[in-house]
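Notes to accompany the following structure.
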Amino acid sequence: MVTGADGAQSSWFQRFLLPGFAFKAVVIGGGYATGRELAEFFLPSGPWGGLAGMVLAMLAWSVICALTFAFAHAARAYDYRTFFERLLGPAWIVFEIAYVLFVILILSVFGAAAGAIGTATLGLPTLAGTLGLAAAIALFVTFGNASVERLFKYVSFLLYGVYVLFVLLSLGSFGDRIGAHFAAGGPSDGWALGGLTYASYNVVGAVVILPVMRHMTCRRDAVIAGLVAGPLAMLPALLFFTCMIAFYPGIASETLPSDFILQRLHLPAFHLLFQAMIFAALLESGTGSVHAINERIAAVWRKRRGVDLPYRARAGFAAALLSGCIFVADRFGLVALIGSGYRLLAYTILAVYVVPLLTIGAAKLLKPTAFIHRPATSKGA
């Protein structure tokens, strides 16, 4: 082992694979895990066009992750507030506003999805699944980085294993249909737009997972981890998309493509396992989003008080955030309000994150003295 930026011992796994697992954890969410996002962004371009769009999205993720991780390591910015102070100066607050609104939206959606899973699989009231997800997220973020990183690690093993099994079962049941549709081809128009649009909606995950960057020992580690993050995040989607092609083009109109395929496999036990995997995907996505906010608070707490944020405070902040996002937001119509501006939120994040990173960030990385005299942290919260 070698010593990371935080002075602790860092393993090969923590330096090169953990960031990719964490990035996958944030982007997978409910739409990716159920196949709905894949049907929306990639199926319209046909079997081969869809694959091309996914590869393009994967490459975009790799480039942005590599730049983000390298900038974070150079600036010693392991929470999103510090990162954007280094990148944007006083304009960092614009990203925070957009990100908090984004988190309200996705946590509300995750809560609703978890409730639906509990009802569909176990016959529980919708509220039970929602409460279960909120409690699990709060539990993992309470104990900080180590707890969250273990979640990313072990859920990733579960997720990759379930998707590989899903492909094997699908090939065994209707592999001939998959091959026939790939052989027949189909329309491939719009694959580039679909890939770039999908990549842009999810690339914010690279900033959400900055706490794991503390394991990096040098810029080379950060760049390699970033380049690997794209394939690690897209691999399950590629496997899933391949299975979906068996029912192309009709499956594009299905609300839950995963359920559509699982019903045709006629394997109730595997159906339950897949639903459990989706719940785990919601858990790691929600945990990553909440943990990013907790770490932003912890960084300010540490600078002002000279001690780490206590577990009790982490739990309290997480509970307050989850209560507001999952329950109150939906009840008072904030989800619909924010959802109507979802594209505007996505464009705002692109404008204050991706564009400055590719210009200002890249220029600073090429300038050896750019991070020697870092701007002082603002006194605001």
Side-chain angles (χ1 to χ4, degrees), residues 19 22-23 26-27 29 57 59-107 109 193 195-213 222 226 229-230 233 285 288-300 321 325 334 337-367 370-371 374-381:
F23 179 67
V26 173
V27 305
L59 293 173
W61 282 348
S62 289
V63 170
I64 298 300
C65 284
L67 275 173
T68 298
F69 297 170
F71 188 91
H73 177 265
R76 298 297 187 266
Y78 305 122
D79 64 274
Y80 69 78
R81 183 201 184 199
T82 306
F83 182 92
F84 284 99
E85 282 184 332
R86 306 287 190 254
L87 182 64
L88 301 176
W92 67 268
I93 190 65
V94 178
F95 175 84
E96 176 148 65
I97 293 170
Y99 178 66
V100 170
L101 293 175
F102 192 79
V103 168
I104 292 173
L105 176 63
I106 63 173
L107 287 180
V109 172
L193 179 61
L196 290 175
T197 302
Y198 183 68
S200 67
Y201 280 146
N202 292 283
V203 75
V204 68
V207 176
V208 175
I209 64 161
L210 288 178
V212 306
M213 289 300 102
S285 291
S289 300
V290 174
H291 183 60
I293 293 178
N294 253 1
E295 284 301 291
R296 174 259 192 265
I297 295 170
V300 175
L321 179 63
C325 292
L334 289 178
L337 181 62
I338 296 170
S340 64
Y342 179 72
R343 287 184 180 272
L344 179 59
L345 284 176
Y347 293 145
T348 301
I349 289 173
L350 282 175
V352 299
Y353 166 38
V354 176
V355 174
L357 178 69
L358 293 174
T359 53
I360 300 170
K364 285 188 174 183
L365 285 172
L366 294 174
K367 186 178 179 182
F371 298 101
R374 303 188 186 103
T377 301
S378 61
K379 295 182 180 179

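Keep in mind that the numbers below use all heavy atoms, side chains included, and drop hydrogens, waters and symmetry copies. Values in this document were obtained by computation on a predicted structure and should not be read as measured data.
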query = Can you check whether V354 reaches L358 side chain to side chain, under 4.5 Å on heavy atoms?
reply = yes
ask   = Is the shortest heavy-atom distance from the side chain of S285 to the side chain of V26 under 4.5 Å?
value = no
ask   = Rounded to the nearest 0.5 Å, how far apart are CH2 of W92 and CG of L87?
value = 13.5 Å
query = For the side chain of Y99 and the backbone of S289, is there at least one donor-acceptor N/O pair under 3.5 Å apart?
reply = yes
task = Rounded to the nearest 0.5 Å, what's the gap from CZ on R81 to CD1 on I297? Could you check?
result = 11.0 Å
ask   = If we only count heavy atoms from C-beta on, is the Y80 to V208 side-chain gap below 4.5 Å?
value = no
note = Separation between CZ (F84) and OG1 (T82), nearest 0.5 Å, reads 11.5 Å
query = Step by step, would you call Y198 with V27 a side chain to side chain contact (heavy atoms under 4.5 Å, CB included)?
reply = CA-CA 10 Å; Y198 183 68; V27 305; 5.7 Å; no
request  = With sequence neighbours left out, write down each residue that passes side-chain contact (heavy atoms from CB on, under 4.5 Å) with V94, or none if nothing qualifies.
outcome  = T348, V352
remark   = Between I349 and A98 the two heavy atoms that sit nearest each other are CG1-CB, 4.0 Å
ask   = Are the side chains of K364 and F71 in touch, meaning some heavy atoms are under 4.5 Å apart?
value = yes
inquiry  = Between F95 and V207, is there a side-chain heavy-atom distance shorter than 4.5 Å?
reply    = yes
remark   = d(L210 CG, H291 NE2) to nearest 0.5 Å is 10.5 Å
inquiry  = Quick check for you: to the nearest 0.5 Å, what is the distance between L357 atom CG and L350 atom CG?
reply    = 11.5 Å
task = Please report the closest heavy-atom contact between G226 and C65, naming both atoms and the distance.
result = O-CB, 3.6 Å
remark   = Heavy-atom nearest pair, A75 first then R86, reads O-NE, 3.5 Å
request  = Could you tell me which residues satisfy side chain to side chain donor-acceptor pair (under 3.5 Å) with N294, sequence neighbours excluded, listed by chain and number?
outcome  = none
key: Minimum side-chain heavy-atom gap I106-F102 below 4.5 Å   = yes
request  = Sequence neighbours left out, what passes side chain to side chain donor-acceptor pair (under 3.5 Å) with Y353? Give chain and number order.
outcome  = T68
inquiry  = Please give me the minimum heavy-atom distance between G205 and F23, naming the atom from each residue.
reply    = C-CD1, 3.6 Å
query = In chain order, what residues pass the side-chain contact (heavy atoms from CB on, under 4.5 Å) check against T197, with sequence neighbours excluded?
reply = F41, L193, Y201
request  = Identify, with sequence neighbours excluded, every residue that meets side-chain contact (heavy atoms from CB on, under 4.5 Å) alongside A60.
outcome  = A199
inquiry  = Once side-chain contact (heavy atoms from CB on, under 4.5 Å) is applied, do any residues pair with V290, and if so which ones, sequence neighbours excluded?
reply    = L107, I137, V141, A318, L321, L322
task = Identify the heavy atoms of D79 and E295 that sit nearest to each other, and give their distance.
result = CB-O, 3.9 Å
